[in-house]
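Have a look at the structure below before the remarks.
The basis for the numbers below is simple: all heavy atoms, side chains too, and nothing from hydrogens, waters or symmetry mates. Chain identifiers are assigned alphabetically (A, B, ...) following the order of the sequence lines, protein sequences preceding nucleic acid strands; residue numbering begins at 1 within each chain.
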Number of protein chains: 2
Amino acid sequence: MKLDPRHLEILAAIVDHGGLTEGAEALGKSQPSVSRTLSQLETRVGAPLFQPGRRPLQPTELGAMLADQGRAVLKASRASSDIVDRYLTGHAGLVRVGGTPIFMDGVISAMIAMFQQQMPDVRVDQSYGYAAELTGKLRNGTIDMVILPLQQETVPEDLAFQPILPGLNVIACRTGHPLTRKKLVTPDEIARYSWIAPPADSPLYQDLRRALTNIGAEDFRISFSGGSLASVIEVLSGSDSLTVLPYSVVFMMREKVAITALSLEIGHPDRALGVLVARARDEIPALRRFRSFVVAQFESLSRRIAKQQSDRLWR
Amino acid sequence: MKLDPRHLEILAAIVDHGGLTEGAEALGKSQPSVSRTLSQLETRVGAPLFQPGRRPLQPTELGAMLADQGRAVLKASRASSDIVDRYLTGHAGLVRVGGTPIFMDGVISAMIAMFQQQMPDVRVDQSYGYAAELTGKLRNGTIDMVILPLQQETVPEDLAFQPILPGLNVIACRTGHPLTRKKLVTPDEIARYSWIAPPADSPLYQDLRRALTNIGAEDFRISFSGGSLASVIEVLSGSDSLTVLPYSVVFMMREKVAITALSLEIGHPDRALGVLVARARDEIPALRRFRSFVVAQFESLSRRIAKQQSDRLWR
DNA sequence: CAGTTTCATAACTTCGAGATATATAATGTC
DNA sequence: GACATTATATATCTCGAAGTTATGAAACTG
């Protein structure tokens, strides 16, 4: 005996609201419709579901049990509506975001924390990689969005790139480092210190090489390499070693850890940090929200960086 | 966003059976029907519920969550079918049975225990009373069935009476009572012992009076009255008092407690024990089952009584 | 025993779920 | 990489059921 779950819902509504009229109203249906559904259900079941004749309509034993099941259906129904609503408004869902390790650890993860204050039910899956792997994952749908520095001209046709911050690298060191006392740092002075190198396959490593070439420091000693940001920061703040980091990372971290940037131009890479998504794939609402949030956060970050730099000029 | 619970069921079936075809089969529907329902659901929701293109069909985050709700609906649906089936076959339900105290305690309650061995989910509500109240409750639907001794001619039109045992009362006493040693008991001998009287408004009390009148014992001492069967039995088996009980009660109890019946005819009341139900009201399946069970039990009891009596004749 | 409320019935319309037949897409195989 | 196979989507039709309004019949109210 297969019963229509909607009929069970209706039965539950009648029982819970104490009458056909009230039940119909609660369900947004007409009273005759509900009445007929009930009588159909009763013929179907082959037994009365309500005490006959009694005016404050009272369910039979069987009616009460089926109404219990109807309540379960109603609950699942409501839960479904809720799930869908939360999904469509971007309050729930899964966002798989990839990016270069330093940026993810240094900037994005803090933004994720802020985002999840507002959207606690959006789950974020983070993964690390560089341009080649990340675009691959983007194309095969393994991740939804990538944050990485890229030359705008090299962006493939099938991907959309939205720049959010100009590429700006700096030489970073611990606060109180001997070089921070100098107003102008010369290449010779820099050459005295050893370097913390990012992984050899990272764009940042290329940046480091180019920066050193630019300032004329041909050979340099590497004292530590292969670490992710947490290790780099530890070594950096506990030694006199130098490294190259995106300025945004130094800026974000400067209040939490004792690192700073040297006043030495090392030449901008011709890349811009940006958000990359697949054109074909349309974003789920949570992703759209997250992307907007990240973009807005970077705008705010830009402004704060600009303000800090003009403040420093006046000092 | 209101979703049809049936659609959620279908979604759950697809997810659980790993495909449209399998899901359709499990639901007993055609594949196109299920396919269209799914695509409708997706347009309704406004988001894909399955990963596009993947062959071992895999739900999206949202699809999986909605499928969970669908499973809940499916569960309620199955539970409902189960409830109805059990109800219709009389394996579940509520039976409200009333009767005269002595019969209920002495005979029926043991039958209820046996019945519930087979039908553990049939709930039995027992209530006590005499003819007037019981027929009243039967008429207003407070109880479903009554077991009581009645003159067949006095049965009202709107009630149906099914006799199950001829009325036969006996004088009961403890086993080993002095009177049990006599082959023939005279009224004089009886007059020496005091009586345990049933409640004054009970038919059994009338029977007691008539019996004593019949055997010529005009005045008699009452040593205990007002007790229900458990008390009566206690007093009876712990003293030399006598009482009048239906033979069926003595027969049922004789192996558990030390009571027996005297070999003295006291004249049959012109009543028969039977089952009374309201004609208008149609019985729920559990009641029908219970009634049949009780009737069958009494048939068996009749046979056992007859057998015991013929055995005694030969002794 | 009115008046009011609540439920049942009637007649009709519309929408959707079911079916079969068939096209299209994905997957496995040689 | 082409082909066979299986799985899913689409087209078209039919029928049932759920919705509507209008109205009749009970059952509580005072």
Side-chain angles (χ1 to χ4, degrees), chain A residues 1-45 47-60 63 67 70 73-74 77 139-141 280-281, chain B residues 1-45 47-60 63 67 70 73-74 77 139-141 280-281:
Chain A
M1 164 106 20
K2 167 74 178 158
L3 300 175
D4 190 326
R6 290 173 309 169
H7 294 182
L8 297 175
E9 279 186 343
I10 290 174
L11 175 62
I14 296 170
V15 170
D16 291 347
H17 294 86
L20 291 194
T21 311
E22 296 88 331
E25 191 165 357
L27 291 167
K29 299 186 197 298
S30 68
Q31 173 268 319
S33 177
V34 168
S35 170
R36 199 183 30 172
T37 300
L38 175 62
S39 72
Q40 254 178 234
L41 195 59
E42 285 185 323
T43 36
R44 194 92 211 263
V45 165
L49 266 20
F50 287 90
Q51 313 277 4
R54 290 258 172 285
R55 187 56 81 126
L57 222 50
Q58 206 152 5
T60 60
V73 173
L74 218 49
S77 238
R139 286 200 180 90
N140 72 20
R281 221 170 295 280
Chain B
M1 163 103 21
K2 168 74 179 160
L3 299 176
D4 191 326
R6 291 174 306 170
H7 294 181
L8 296 175
E9 279 187 342
I10 291 174
L11 175 62
I14 296 170
V15 170
D16 291 347
H17 294 85
L20 293 195
T21 312
E22 295 88 332
E25 192 165 357
L27 292 166
K29 299 186 196 298
S30 69
Q31 172 269 317
S33 176
V34 167
S35 169
R36 198 184 34 172
T37 300
L38 175 61
S39 71
Q40 253 176 235
L41 195 58
E42 286 186 322
T43 34
R44 231 83 207 231
V45 165
L49 266 22
F50 287 90
Q51 315 276 4
R54 291 254 171 286
R55 187 55 82 133
L57 222 51
Q58 205 153 6
T60 60
V73 173
L74 217 49
S77 237
R139 286 202 180 89
N140 72 20
R281 223 168 293 280

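Remark: B:K2 engages A:E9 in a salt bridge, criterion side-chain N to carboxylate O under 4.0 Å.
Whole-Å rounding puts the A:L8 CG to D:dA18 P distance at 12 Å. One interatomic measurement links the two molecules: NE2 of B:H17 to C1' of D:dA7, which rounds to 17 Å at whole-angstrom precision. For the pair A:R44 CZ and D:dA18 C1', the computed distance is 15 Å after rounding to whole Å. Straight-line distance from the CD atom of B:Q58 to the C1' atom of C:dT27: 16 Å, rounded to whole Å. Here D:dC28 presents its P atom at 10 Å from CG of A:L57, a figure rounded to the nearest Å. For the pair B:F50 CZ and D:dA7 C1', the interatomic distance rounds to 13 Å; values are reported in whole Å.
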Inset, instruction - Heavy atoms under 4.0 Å is the rule here; annotate nucleotides 8-18 of chain C 5' to 3' with B where the base is hit, S where only the sugar-phosphate is, and - elsewhere. - result: BB-------BB
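Looking at B:Q31, its side chain never comes within 3.5 Å of a backbone N or O of B:T21 through a donor-acceptor pair. Distance alone, capped at 3.5 Å, is enough to place a donor-acceptor pair between the B:T60 side chain and the B:P48 backbone.
Under the 4.5 Å side-chain criterion, counting only non-hydrogen atoms from C-beta, A:T37 is not in contact with A:L41. Looking only at side-chain heavy atoms (C-beta outward), A:L49 and A:V15 stay at 4.5 Å or farther from each other.
Taking CZ of A:R6 as the start and CG of A:L8 as the end, the distance is 11.0 Å to the nearest 0.5 Å. Rounding to the nearest 0.5 Å places CG of A:L20 at 11.0 Å from OG of A:S30. The NZ atom of B:K29 sits 5.5 Å away from the CD1 atom of B:I10 when rounded to the nearest 0.5 Å.
The end-to-end axis angle of the helix from C:dC1-D:dG30 to C:dC30-D:dG1, rounded to 10 degrees and based on five pairs per end, is 50°.
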